[in-house]
Amino acid sequence: MKRTVIYLFVLAALFMISSNSQAQSYFTYDGKDFSVLLTCNTDNTQVIKVEFSENGKWVRFDILDYNSLENVEGGGFAYTVKDGAGKKFLVDYYRTQDYIKVYNLDTNDEWTLYRR
């Protein structure tokens with residue numbers, strides 16, 4: 001009986017730990033040419049990782065800068081990111097429409113991606 005109580009206690013503790021470990025939210029935005037995966041913190045107030053799809057794999061981009069756009073009509077945010085080759089992109093999120101625009105800051109190309 002004592003052993004059963006200990007097992008139940010351990011099981012309950014593991015369940016509590018696993019339910020609290022959901023610390024990140026993932027949002028995928030798809031376009032014709034590529035997709036973007038945004039990983040946010042627990043309360044979705046900050047993007048902590050930006051990844052672009054390339055040949056069926058996710059490639060992490062370095063976050064260089066962040067701008068809150070909550071004071072602008074529609075709200076949102078903009079992140080400047082850099083790929084491994086040094087190319088810079090702006091990821092601009094439009095909260096009320098729930099899509100992102102990606103701008104290549106070197107070539108001025110622009111893509112609109114919609115949430116999956």
Side-chain angles (χ1 to χ4, degrees):
M1 180 69 175
K2 193 181 225 184
R3 206 177 223 174
T4 305
V5 172
I6 292 172
Y7 284 133
L8 287 174
F9 177 75
V10 169
L11 184 62
L14 288 173
F15 177 74
M16 289 176 61
I17 291 170
S18 68
S19 66
N20 290 334
S21 66
Q22 298 175 354
Q24 299 173 344
S25 298
Y26 304 92
F27 300 95
T28 306
Y29 292 86
D30 297 315
K32 293 177 186 175
D33 300 320
F34 60 91
S35 297
V36 172
L37 175 64
L38 303 177
T39 304
C40 297
N41 63 355
T42 307
D43 54 358
N44 293 332
T45 58
Q46 180 182 13
V47 173
I48 57 175
K49 185 166 52 169
V50 177
E51 297 172 271
F52 282 56
S53 64
E54 182 179 306
N55 299 325
K57 296 188 299 186
W58 290 108
V59 177
R60 188 173 183 161
F61 280 46
D62 294 327
I63 297 174
L64 303 176
D65 193 22
Y66 162 77
N67 290 302
S68 174
L69 302 174
E70 292 304 327
N71 57 348
V72 177
E73 183 179 337
F77 56 77
Y79 280 87
T80 304
V81 297
K82 179 175 72 168
D83 69 5
K87 295 179 186 173
K88 293 181 183 176
F89 297 86
L90 180 69
V91 178
D92 193 0
Y93 173 68
Y94 293 77
R95 183 175 311 284
T96 56
Q97 291 90 7
D98 196 22
Y99 68 85
I100 62 173
K101 286 194 178 256
V102 177
Y103 302 93
N104 182 322
L105 298 177
D106 298 325
T107 65
N108 293 324
D109 290 331
E110 174 184 323
W111 301 269
T112 302
L113 290 78
Y114 296 93
R115 186 150 60 147
R116 188 179 289 177

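Everything numeric here is computed off the predicted structure, so don't read it as measured data. Basis for what follows: all heavy atoms, side chains included, without hydrogens, waters or symmetry-related copies.
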Leu64: hydrophobic cluster co-members (side-chain, 4.5 Å):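 Members alongside Leu64: none; it stands by itself.
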
Transitive ILVMFWY cluster of Val72, excluding itself - 4.5 Å side-chain cut-off: Leu69

Hphob cluster co-occupancy, Leu37 + Phe27, side-chain heavy atoms under 4.5 angstrom: no

Hydrophobic cluster membership, Val59 vs Ile63, 4.5 Å side-chain cutoff: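 The answer is yes; both residues are in one hydrophobic cluster.
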
Salt bridge (charged side-chain N to carboxylate O under 4.0 Å, His left out) partners of residues 102-116, not counting sequence neighbours, each pair once: Asp30-Arg116, Asp98-Arg115, Lys101-Glu110

Inter- and intrachain pairs under salt bridge (charged side-chain N to carboxylate O under 4.0 Å, His left out), touching residues 70-79, at least two apart: Glu70-Arg95

Euclidean distance, [Y] [atom2] relative to [X] [atom1], rounded to 0.5 Å:
| X | Y | atom1 | atom2 | value |
| --- | --- | --- | --- | --- |
| Thr39 | Ile48 | OG1 | CD1 | 6.0 Å |
| Asp92 | Thr112 | CG | OG1 | 10.0 Å |
| Gln46 | Leu38 | CD | CG | 12.5 Å |
| Asp43 | Ser25 | CG | OG | 9.0 Å |
| Asp62 | Thr80 | CG | OG1 | 12.5 Å |

In chain order, what residues pass the side-chain hydrogen bond (donor to acceptor under 3.5 Å, both in side chains) check against [X], with sequence neighbours excluded?
| X | answer |
| --- | --- |
| Trp111 | Asp33 |
| Asp65 | none |
| Tyr114 | none |

Side chain proximity check, Val102 to Tyr29, heavy atoms < 4.5 angstrom: no

Closest heavy-atom pair and its distance - Ser35, Thr28: CB-CG2, 4.5 Å

Selection residues 49-59 - residue pairs positive for side chain to side chain donor-acceptor pair (under 3.5 Å), sequence neighbours left out: none

Contacts of Phe77 that satisfy ring pair (Phe, Tyr, Trp, His ring centres under 6.0 Å) - sequence neighbours left out: Tyr79, Tyr93

Listing, residues 82-91 side-chain donor-acceptor contacts under 3.5 Å, not counting sequence neighbours, or none:
from: Asp83; atom 1: OD1; to: Ala85; atom 2: N; distance (Å): 3.0
from: Asp83; atom 1: OD1; to: Gly86; atom 2: N; distance (Å): 2.9
from: Asp83; atom 1: OD1; to: Lys87; atom 2: N; distance (Å): 2.7

Qualifying residues under side-chain contact (heavy atoms from CB on, under 4.5 Å), relative to Thr96, sequence neighbours excluded: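 Per chain and number, Thr96 pairs via side-chain contact (heavy atoms from CB on, under 4.5 Å) with no residue.
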
